[in-house]
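The analysis underlying the following values was restricted to heavy atoms, covering all of them including side chains, and did not include hydrogens, waters or symmetry mates. Chain identifiers are assigned alphabetically (A, B, ...) following the order of the sequence lines, protein sequences preceding nucleic acid strands; residue numbering begins at 1 within each chain.
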Amino acid sequence: MKSDKKRIGVFVCHCGINIAGTVNIPEVVKRLKEQADVIEVIDHQYCCSDPGQNLIKETIKEKKLDSVVVACCSPTLHEPTFRKTVSSVGINPYNCEIANIREQCSWVTDDKEKATDKATKIIKTIIKKVEHDEPLTPITIPVTRKALVIGAGVAGIQTALDIATAGYPVILLDKNPSIGGHMSQLSETFPTLDCSQCILTPKMVEAKQHPNITLMTYSEIESISGYLGNFKVKVRQKAKYVDWDKCTGCDVCVDKCPKKTPDEFNHGLTQRKAIYKMFPQAVPNRVVIDAPNCLYLEKGACRLCEKHCPFGAIKFDDQDQITELEVGALVMATGYELLDKQMLGSYGFGKLKNVVDGLQFERILSASGPFMGEVKRPSDGKIPEKVVFVQCAGSRDPENAMAYCSKICCMYTAKQAILYKHRVHHGEPIIFYIDVRTGGKGFEEFYKRATDEGVLYIRGKVSKIFEKGDKVIVWGADTLTGKKIEVEADLVVLSTAMKPAATKEFAQLLKLTQDEYGWFTEAHPKLRPVETLAGGFFLAGACQGPKDIPEAVAQSSGAASKVIGLFTSDTLEHLPVIAGVNEDMCSGCGICIDVCPYKARELVTTEDGKKRTVKVIEVLCEGCGACSAACPVGAAQQKNFKDQQIQDMVKGGLE
Amino acid sequence: MLELIESLQEIKKDIELLSGQTLSDCYQCGECTAGCPTAFAMEPVPSQAIRLLQLGKFNEVLNSTGIWLCASCNVCGERCPRGVDYGKIADALRTIVLRNKLTHLTLEKIDKQFISDAPQQAFIAAFRKYTT
Amino acid sequence: MKQIAYYPGCTLYTKSKNLDLCARETAQILGVELKELETWNCCGAIYSTVQDDLANQVAPIRNLIEAQKISNKLVTLCAACYNVLKRSNHNLFLPENDIYRRRMMNFLDTEYDGKTETVHYLEVLKNDIGFENLKTKVKTNLDGLKVASYYGCLMLRPSDELNFDDPDNPTMMDDMFAALGAEPVEFPFKGECCGGYVLVDKPDVATRCSQTILESIVDAGADCVATTCPLCQYNIDNQQKLMSKQFNLPVFYFTQLLGLALNVDQKILNLDNHYIDPKPLLKQKGLLK
Amino acid sequence: MENFEPKIIGFICKWCTSAGADLAGTSRMKYPPNMIPITVFCSSRIDPQYILWAFKNGADGVFMGGCHPNDCHYQDGNYKTMKRIPILKNLLKELGIEPERLRLAWISASEADKFKKTITEFTESIKKLGPLSINDK
């Protein structure tokens with residue numbers, strides 16, 4: 001081994017007068033020459049300029065330097081520049097470091113003498129660091145160019161279509177037998193009032209027929225392992241008791257099935273059979289048997305579906321199937337649910353038949369809904385003459401329910417009131433609201449349309465809803481006049497708060513973080529809104545927070561483009577400033593394993609089987625260095641931030 | 001024109017201190033008024049009273065009849081989405097008036113027959129809330 | 001026989017003897033002795049929410065300390081006493097009220113750890129005796145009597161301090177009546193305010209509150225009302241004389257109907273102490289000879 | 001004592017406090033130039049031993065800057081720091097070093113003013129404390 005003494009060159013930038021105006025650069029150069037163990041110290045007007053960079057390159061060649069310190073502005077500005085410069089003449093870029101003597105020195109003091117002192121010390125700390133810097137190479141990770149999209153509502157479908165169209169295979173998974181999500185339940189959509197099914201169904205069919213998309217419906221995630229680019233996911237496809245290869249979706253079995261149970265798709269407003277198709281336009285157009293309700297599977301008698309199926313598709317001995325998938329990226333598109341009934345006690349929700357939530361009213365309005373698009377009320381099928389809409393039912397309510405604004409309710413309530421008025425011309429829609437929030441294209445105009453078409457807006461929150469005879473009495477207030485208001489309504493629609501559909505257990509399974517309400521947290525609320533802090537996981541749609549359809553679709557395309565970006569190469573580079581393990585020193589205590597936020601460290605037995613030690617899964621390590629600080633014996637060392645380096649830097653700053 | 005702030009910031013501090021409520025927490029949804037059993041007779045109604053206090057119109061509320069109509073039933077505080085308990089604010093406002101030795105109720109005002117009929121509890125509660 | 005400390009409060013010794021005596025007697029029948037505190041003072045009748053009002057909390061806390069001589073529970077019958085005693089204890093022992101608590105204990109010159117639990121007699125019936133057990137003790141089945149259980153404000157709210165029952169949909173009293181064989185009647189005003197002490201200052205306002213409740217009860221088809229509070233009782237029963245509509249609806253204390261079902265002596269039931277005479281109804285239902 | 005210029009080492013994290021310090025520079029805010037910054041990726045990289053090392057090698061004060069709770073670029077690195085520093089402060093007392101010579105602050109990338117104020121105030125407080133006595137020996 002040659003002498004391991006580094007040949008360091010220091011370049012001090014004047015930055016015009018930005019640095020030189022406060023820092024006495026000739027003095028800094030003089031002191032460094034005298035005090036620091038370096039080969040060369042040179043100053044230049046603008047190191048980042050072409051002549052400046054050339055000077056660095058020439059000096060490296062001439063003085064046979066192997067390490068470089070540039071004392072200039074913040075590393076956030078020109079660290080990449082100078083690292084590129086030095087690597088063009090054969091120096092490892094990680095052996096070039098920046099001493100920030102502008103933002104953190106010359107700009108923050110007027111005292112020239114002290115500024116000169118401080119600049120010298122800052123440069124010395126960096127020289128000390130460079131002395132022990134190792135040449136590093138970015139880590140290369142292979143990428144499985146296949147994506148898994150969890151949740152097949154409009155967000156999941158859009159994400160899958162975008163990725164698939166870019167040429168990469170996608171698995172689109174949903175827990176329900178059909179794709180489509182909540183959007184398939186909606187009647188018309190704001191602010192254009194086009195029919196939800198009409199715009200969604202073609203997308204559903206496209207997803208089904210796309211050669212790059214594999215649908216896995218009626219499926220749930222069982223477990224997940226691996227890391228960015230290389231995930232292994234176990235999926236449980238629930239027993240359907242119907243052979244989907246034989247089933248044609250003809251519905252003969254559905255007609256014959258004698259067992260009825262509340263229909264989830266219509267939110268309990270109607271009944272479905274034990275063998276059922278989620279809705280007529282279901283994709284795939286297939287039926288499943290809901291085992292707990294099936295007379296044969298539960299009680300051993302019936303088999304009518306089997307008897308009548310023209311294709312012999314009924315398969316009572318069907319089992320759950322476990323499939324293991326290998327994917328490079330996952331997109332969460334798990335969406336939302338509406339708030340639980342229990343949380344709205346004073347509104348009688350869940351107790352009073354004629355108090356429904358927004359999605360139930362969507363079904364009532366829907367042409368394929370329980371009343372075929374005629375507006376009737378659930379209790380007696382009467383046409384409601386007066387419908388009260390209650391906004392912020394559980395939203396903006398930190399004391400009793402959700403603190404946040406659910407964002408979509410102002411618009412969908414206006415829409416529902418307009419649609420009601422279209423169906424029942426003489427009907428009276430009344431909306432109780434706190435604020436009408438119309439931030440969106442065409443939204444304010446749509447609100448105006450609602451008032452134009454005869455919707456009465458009352459500014460005040462409702463306190464109590466109860467039944468009196470066959471009427472539903474609503475106690476509200478008009479805060480603008482200060483009057484308490486009592487309305488005798490026929491039907492009440494609560495704009496209940498949105499809440500995340502993904503459970504805490506599900507998030508823990510995927511090791512994703514959620515906010516206090518359970519919405520998935522993005523990597524950065526403004527600049528990285530579709531990424532998560534876990535590499536390889538992306539967010540689409542309302543699983544991240546309340547969103548309307550255009551927003552959910554836009555974010556889905558954003559998530560898809562992130563996945564596509566990841567898939568453009570079959571490998572990816574990872575920052576090499578990660579932690580390592582000195583096996584000889586490691587005692588195998590495992591302290592570092594608990595400290596690591598990325599699960600990048602694991603206990604292993606050494607190859608000779610003699611001792612326990614820790615292995616770093618390099619691709620998972622993000623280089624925070626927490627393990628290095630925690631290791632009691634100094635075996636864990638972050639590359640280029642080793643104990644020795646930081647201690648030397650401290651010395652350099654105090655000399 | 002409504003003249004804002006009667007430079008009675010001390011009173012605001014007193015109200016918040018005595019009630020334990022933060023006036024600015026109220027976002028005027030009106031749920032308190034909507035559920036209040038005596039709001040029909042109140043002037044101003046609970047949400048308006050809080051609004052007036054937010055605007056600094058302390059005297060207007062302190063001199064109002066509304067604050068004496070609160071029956072301490074606590075529906076407002078129970079349902080308020082922002083955790084503002086108007087019942088406690090009303091209690092604080094009455095206390096401020098009463099501590100200034102301005103009694104609201106005198107025995108002479110009460111019907112004699114009623115005194116012999118009604119339960120003790122009614123009088124104890126009323127004297128607690130209405131007298132200095 | 002199991003002894004539980006019992007606090008009657010001001011009105012139960014005077015105007016609401018029927019609430020008090022029926023409770024003591026029925027408890028006895030059910031195997032529990034409601035042992036009255038040796039000394040007790042007024043609870044304050046209404047809880048003061050004024051933050052610096054320490055003086056108002058002294059009285060209820062003294063009662064709770066006194067109860068420790070008998071049991072860790074203190075039974076009340078009057079919803080107002082229940083509210084005041086329970087809230088005083090709850091709030092005084094919140095960590096943020098440490099200073100108040102110490103000042104109070106210094107003043108009372110005693111040590112008290114907040115361990116007295118205020119319970120309503122209904123809770124004793126439900127938890128200590130059990131409604132299933134109660135069912136077996138019924139002598140006169142209240143079959144055919146449609147009872148509207150009126151809880152009022154003070155037992156239900158603030159729910160986070162009292163934690164009595166679902167504040168929007170309480171069922172404890174209804175369940176008790178079901179155990180006695182009566183038919184509980186659902187109505188949406190179980191927890192609405194009767195007007196309370198506003199009665200003294202503005203009788204018309206309070207009366208209108210009570211009238212709204214009565215209208216809802218009559219709409220629901222009830223034969224009678226059951227209450228837990230002397231002030232509710234007065235507002236709903238006696239004030240019927242001032243209402244714009246005549247309901248002629250008898251209003252009981254819940255303990256009277258309990259007493260009736262357990263064949264308590266008529267003297268104790270004290271059915272004469274009502275504005276609307278309940279006897280015709282009871283006779284009509286065959287519950288009274 | 002009047003002319004005492006304390007030596008201060010500042011361990012600051014790259015994502016928040018160092019970025020906040022850069023912003024203070026860009027905004028031309030002025031603060032005493034005594035603190036020599038050492039930027040690491042995360043405050044959790046700082047082994048408490050380095051702080052002792054700094055005191056041993058002549059520092060009169062040590063500043064630690066990290067991201068606000070919940071804002072850590074590495075999920076929870078700052079929580080580790082949050083736990084370590086109070087323990088170390090207790091230890092400092094035992095070693096005869098005033099715990100006030102060690103200051104931990106959460107300063108975000110946008111809190112240039114807080115950075116300026118914190119460093120100014122910390123430097124002043126170290127000036128008042130005077131040179132670390134163990135350094136005289």
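Within a 6.0 Å radius of NZ in K112(B), other residues, nucleotides and ligands contribute more than 12 heavy atoms. In the displayed structure, I99(C) atom CD1 is contacted under 6.0 Å by at most 12 heavy atoms of other residues, nucleotides or ligands. Annotation: R101(C), atom CZ; neighbour count of heavy atoms from other residues, nucleotides and ligands within 6.0 Å is above 12.
Of the atoms belonging to L105(B), it is side-chain heavy atoms, and not backbone ones, that fall under 4.5 Å from chain C. Contacts between C194(C) and chain B at a heavy-atom distance below 4.5 Å are absent for every atom of the residue. Neither the backbone nor the side chain of C81(C) comes within less than 4.5 Å of any heavy atom in chain B. At a 4.5 Å heavy-atom cutoff, the contact between P167(C) and chain B is made by side-chain atoms alone. Only the backbone of S116(B) comes within less than 4.5 Å of a heavy atom of chain C; no side-chain atom from C-beta onward does.
Atom NZ of residue K88(B) and atom OG of residue S48(C) lie 10.5 Å apart, to the nearest 0.5 angstrom. From C42(C), atom SG reaches atom CD of Q121(B) across 9.5 Å, with rounding to the nearest 0.5 Å.
Counting only heavy atoms from C-beta outward, the side chains of F127(B) and I46(C) never approach each other to under 4.5 Å. Put simply, the side chain of D168(C) reaches to within 4.5 Å of the side chain of R79(B), judged on heavy atoms. F114(B) places a side-chain heavy atom less than 4.5 Å from the side chain of V200(C). Under the 4.5 Å side-chain criterion, counting only non-hydrogen atoms from C-beta, L17(B) is not in contact with Q51(C). Counting only heavy atoms from C-beta outward, the side chains of C10(C) and I124(B) approach each other to under 4.5 Å.
For residues 224-243 of chain C, a heavy-atom distance under 4.5 Å to chain B picks out C229(C), P230(C), L231(C), Y234(C), K241(C), given by residue number. When the heavy atoms of residues 207-220 of chain C are compared with those of chain B, the residues falling under 4.5 Å are R208(C), C209(C), listed by number.
Heavy atoms only, all atoms of each residue included: V198(C) and W68(B) are closest at CG2-O, 4.4 Å. Heavy atoms only, all atoms of each residue included: G44(C) and R128(B) are closest at CA-NH1, 3.0 Å.
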Note to self: Before you tell me yes or no, could you show the steps for K129(B) and D201(C) under side chain to side chain contact (heavy atoms under 4.5 Å, CB included), namely the whole-Å CA-CA distance, both residues' side-chain angles and the distance that decides it to 0.1 Å?
What the structure shows: CA-CA 10 Å; K129(B) 296 289 182 187; D201(C) 184 34; over 6 Å; no

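Residues Y197(C) and F123(B) keep their aromatic ring centres 6.0 Å or farther apart.
Between the side chains of Y47(C) and S72(B), not a single donor N or O lies within less than 3.5 Å of an accepting N or O. Side-chain contact annotation: S159(C) with E78(B), donor-acceptor N/O pair under 3.5 Å present.
The pair D117(B)-K15(C) does not meet the salt-bridge criterion, since no charged nitrogen lies less than 4.0 angstrom from a carboxylate oxygen. With respect to D52(C) and R99(B), a salt bridge is recorded, a charged nitrogen being found less than 4.0 Å from a carboxylate O.
Here A125(B) is the residue among G35(B), A125(B), C36(B) with the most heavy-atom pairs under 4.5 Å with chain C. Considering only heavy-atom pairs separated by less than 4.5 Å from chain C, the leading option among A118(B), P37(B), A126(B), C70(B) is A118(B). Chain C forms more heavy-atom pairs under 4.5 Å with one residue of T38(B), D85(B), V75(B), I110(B) than with any other, namely V75(B). Comparing G77(B), G20(B), A41(B) by how many heavy-atom pairs each has under 4.5 Å with chain C, the most go to G20(B).
Test V50(C), D53(C), T49(C) against T95(B) for side-chain contact (heavy atoms from CB on, under 4.5 Å) and you get one pass: V50(C).
In this structure, the side chain of T11(C) does not engage the main chain of P119(B) through any donor-acceptor pair within 3.5 Å. A donor-acceptor pair under 3.5 Å is formed between the side chain of R157(C) and the backbone N or O of C73(B).
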